[in-house]
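Worksheet: the structure to be examined is printed underneath.
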Amino acid sequence: MTLTAEKPVALAGRPGRVRTFLGRFWFVYAMVLPVVVVLGVLVVFPLLQGLYFSFTDINDNNIANPVLDRPARYEITGLENYFHVLSGDPSYGAFWATLARTLIWTFACVFLHYTIGLALAVLLNRPMRFRTLYRVLLILPWAVPVFISAFAWKYLFNSEYGLVNWALEAVGLPGQVWLGQSDLALVSVVVVNVWLGVPFMMVALLGGLQAIPADLYEAAEMDGATPWQRFVHVTLPGLRTVSSSVVLLGVIWTFNMFPVIYLMTGNNPHTRILVTYAFERFFSGATRDFAIASTYGVLILSVLLVFATVYRRAMRGQGEVL
Amino acid sequence: MRPKATATVAALGLVSALALTACGSGAGNANRVVYWDTSNPSESSVFAGIARECGRTGGYEVAVEAVSFDQALNNYKTAAQGGQGPDVLRADVGWVAQLARAGLIQDLSGTPLGTDTGDFLAGPLESTKYEGRGYGVPQVTDTLALFYNKRKLDEAGVAPPKSWEELRDIAPKLGGDKAFFINNDEYYALPFLYTYGGDMVDTQARTIEVNSPESVRGLQMAKDLLDAGAARTALDQPNSYGNMKAAFTSGEVAMVVDGPWAAAEYLESPEFADPANLGIAQVPGSATPSPAGGHDYVVRQGSDATEAATKFVECMSSTPNQVAIAEKLGLLPTRRSAYDSPAVTGNRMVAAFKPMVDSAHSRAWIPEGAELLDPLQTAFADILAGRKDTRTTLDETAKLYKDTVVPDYAKR
């Protein structure tokens with residue numbers, strides 16, 4: 001109250017408003033400054049640099065070499081990289097097909113994460129024997145480093161010696177080439193990613209479930225609601241805040257999920273998503289085509305920004321504040 | 001969903017950053033040579049031992065860091081770009097030209113390492129050249145060969161095949177697709193590519209050759225072997241090399257194509273407990289069917305320990321040390337004088353591989369050489385899986401070469 005009353009006086013004040021302003025708020029600014037600097041150096045600067053690189057032809061051979069005192073020789077090429085990429089040319093990663101695959105991958109993974117995670121969370125939320133043991137076991141995949149899981153699964157999916165094919169053949173089904181040159185490879189990496197990702201969803205949703213007051217269920221039960229009705233009308237609305245956050249996070253993570261795909265299938269074009277292709281251009285082989293990789297980076301960021309905006313608007317429409 | 005994954009990646013990044021700074025700390029010391037060894041686990045202890053011995057007798061410190069072969073090129077480039085990294089790198093012959101072009105390794109032509117090259121074999125020496133100057137010292141040389149299970153071939157009453165057609169014809173006697181395992185990695189596609197005179201590029205005429213009729217015919221031969229039931233492959237590319245080794249060492253298949261680096265591992269298996277059971281012959285096909293491979297020592301541009309590094313490379317590639325490496329690992333020396341030693345010529349691996357190395361198919365020693373291989377991996381896997389017709393696949397590869405790898409080469 002007093003603050004608002006005093007403000008106009010300060011603004012019109014004689015000793016200079018900047019000084020009064022700083023005099024009053026210096027502490028706040030001093031506290032915020034390190035964060036701003038760190039974010040600027042670690043986030044904003046590289047982001048702008050990446051954006052700039054996407055308009056040049058920068059690569060391994062024309063960047064500056066401090067050891068040789070060689071200056072940078074890359075040139076601005078305008079929108080050329082974007083034309084190359086957006087034309088969908090296979091030499092530049094077949095952008096549209098890759099985007100479509102990325103979307104399929106993302107939505108398949110997040111959908112399965114969410115539904116399986118929710119089912120397990122509901123199960124584990126009920127009092128039962130060995131509940132802690134089950135929880136620990138279900139969180140295990142999350143605790144194992146991803147590359148170890150990926151290599152273990154790569155072995156399970158081995159078309160000749162893998163356990164998966166062995167099990168299929170044991171029940172009389174034909175074995176499949178899981179990680180080969182077909183869309184089955186995408187199915188395989190989705191399976192692995194779901195296996196890895198469900199624990200997080202489960203834990204997050206379990207937290208959400210425990211925050212729903214028990215008397216709501218009692219009241220619903222008194223009114224004669226069936227278990228399904230209780231799930232739809234009490235549980236789901238009660239989880240909405242948690243769900244909307246974890247789904248948004250899940251989409252962003254999965255969209256940029258690199259290790260599972262790359263460690264399991266390498267350069268297989270059938271599992272290529274936008275980030276793995278950006279990585280391929282940046283690191284794999286000898287190309288180190290920083291320009292095309294940056295272009296992909298900018299496009300990935302743009303797609304995610306559009307998605308996040310639309311998603312937030314949709315959530316706000318439902319009364320959620322995200 | 002992965003804070004976990006992000007954390008892993010971040011941790012890996014952090015660890016490698018720390019590793020890089022650790023190497024960097026050695027960079028300021030003119031008397032300490034950091035050596036990145038990319039040899040495989042069964043070889044690295046021998047190299048490390050010789051490296052330490054070189055340091056001890058030469059009066060400088062040597063730090064050997066084992067770096068995985070797959071990661072070494074990238075890590076080296078990132079580190080060297082920032083003036084860090086090892087003083088000496090064991091570089092694949094295909095990396096030298098591109099590192100030289102990027103200015104990341106030293107031109108050795110003015111140093112004793114560059115001038116005193118008369119003793120080295122011509123083939124390996126060629127791989128150290130970029131624009132007429134020498135950038136490396138050959139460490140070992142190699143090529144691919146046909147490894148076969150002698151007992152199985154004897155039982156079937158056949159000799160190692162001289163051509164792919166012959167392999168196809170004798171396969172039924174060896175149990176059809178138990179005859180041969182095709183690894184669908186790109187490097188193992190090269191013998192097929194070369195068989196009828198194909199290649200990836202022609203550096204003289206500056207043309208892209210990967211989709212030439214000869215190349216198409218060569219890779220089609222690999223597919224034909226599968227179709228004829230004369231060979232098998234792992235259709236899941238990531239498991240391919242592992243499955244090939246497993247199939248061969250368990251006695252499931254009779255023949256594979258591999259390099260001398262794999263011999264040590266093969267000999268550890270019960271199937272080849274008697275080393276005489278492991279037969280080695282020239283890869284079927286033309287007179288020069290196999291790619292020339294191997295490794296070179298290169299010195300990092302900007303290394304503070306250049307003088308010690310030079311001495312180190314000199315010591316590592318000296319005749320006695322090459323003899324020792326050949327004797328212990330069966331890897332092929334690059335010095336002529338090393339072959340005077342009975343310990344070398346008496347080594348079974350060396351004796352078997354030497355004539356093949358002499359006739360190995362020289363590769364395109366251009367900066368883009370290594371980059372040409374990546375697209376070939378996908379193409380070869382696609383062809384073997386029967387996803388696409390050979391000609392179409394290779395036309396696409398040629399387009400990719402033209403668009404992104406060697407834009408100034410002519411397409412056929």
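The stretch residues 175-185 of chain B places B:Phe181 near chain A, each with some heavy atom under 4.5 Å from a heavy atom of that chain. Contacts of residues 378-394 of chain B with chain A at a heavy-atom distance below 4.5 Å involve B:Thr378, B:Ala381, B:Asp382, B:Ala385, B:Arg387, listed in sequence order. Taking non-hydrogen atoms and a 4.5 Å limit, the residue list of residues 237-252 of chain B in contact with chain A, ordered by number, reads B:Gln237, B:Pro238, B:Asn239, B:Asn243, B:Ala246, B:Ala247, B:Glu252.
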### Task
I would like to know whether B:Leu400 and B:Glu396 meet side-chain contact (heavy atoms from CB on, under 4.5 Å); could you show each step before the answer?
CA-CA 6 Å; B:Leu400 204 124; B:Glu396 282 170 18; over 6 Å; no
### Query
Yes or no on ring-ring contact (aromatic ring centres under 6.0 Å, His included) for B:Tyr409 and B:Tyr401, after CA distance, side-chain angles and deciding distance?
CA-CA 9 Å; B:Tyr409 276 46; B:Tyr401 283 177; 9.6 Å; no
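Between A:Val247 and A:Tyr114, the shortest heavy-atom distance links the atoms CG2-CD1, 3.9 Å. Minimum heavy-atom separation, B:Thr404 to B:Glu371: O-OE2, 4.1 Å. Nearest heavy atom pair, residue B:Ala309 against residue B:Val299, reads CB-CG1, 4.0 Å. For A:Ala291 against A:Asn81, the heavy-atom pair with the smallest separation is CB-ND2, 3.6 Å. Across A:Ser188 and A:Trp178, no two heavy atoms sit closer than the pair OG-O, 3.1 Å. The shortest heavy-atom contact between A:His113 and A:Val198 is CD2-N, 3.7 Å.
You'll find the side chain of B:Thr306 reaches within 4.5 Å of the side chain of B:Gln106, heavy atoms only.
Across B:Gln81, B:Arg232, B:Gln301, B:Glu368, the residue that shares the most heavy-atom pairs under 4.5 angstrom with chain A is B:Gln81. Contact count against chain B (heavy-atom pairs under 4.5 Å) is highest for A:Ser91 among A:Ser91, A:Ala64, A:Pro90. Listed options A:His84, A:Gln181, A:Arg70 were ranked by heavy-atom pairs under 4.5 angstrom with chain B; first place goes to A:Gln181.
Checked against a 6.0 Å centroid threshold, the rings of A:Phe111 and A:Phe107 do not count as neighbours. Taking the six-membered ring for Trp and the full ring otherwise, the centers of B:Trp95 and B:Phe69 sit less than 6.0 Å from each other. Taking the six-membered ring for Trp, A:Phe255 and A:Trp105 have ring centres at least 6.0 Å apart.
Residue A:Asn256 does not touch chain B at all, counting heavy-atom pairs closer than 4.5 Å. Proximity to chain A is absent for every atom of B:Thr397, based on heavy atoms less than 4.5 angstrom apart. When heavy atoms are compared at a cutoff of 4.5 Å, A:Phe157 approaches chain B solely by way of its backbone atoms N, CA, C and O. Both the backbone and the side chain of A:Ser182 come within contact range of chain B, each with at least one heavy atom under 4.5 Å from a heavy atom of that chain.
Here the options are B:Leu99, B:Val34, B:Asp87, the test is side chain to side chain contact (heavy atoms under 4.5 Å, CB included), and the partner is B:Arg300; only B:Asp87 passes.
With sequence neighbours excluded, the residues forming a side chain to side chain contact (heavy atoms under 4.5 Å, CB included) with A:Ile148 are A:Val144, A:Pro145, listed by chain and number.
Remark: A:Asp60 does not engage B:Arg101 in a salt bridge, criterion side-chain N to carboxylate O under 4.0 Å.
Proximity of a side-chain donor or acceptor of B:Ser303 to a complementary backbone N or O of B:Ala305 within less than 3.5 Å is detected.
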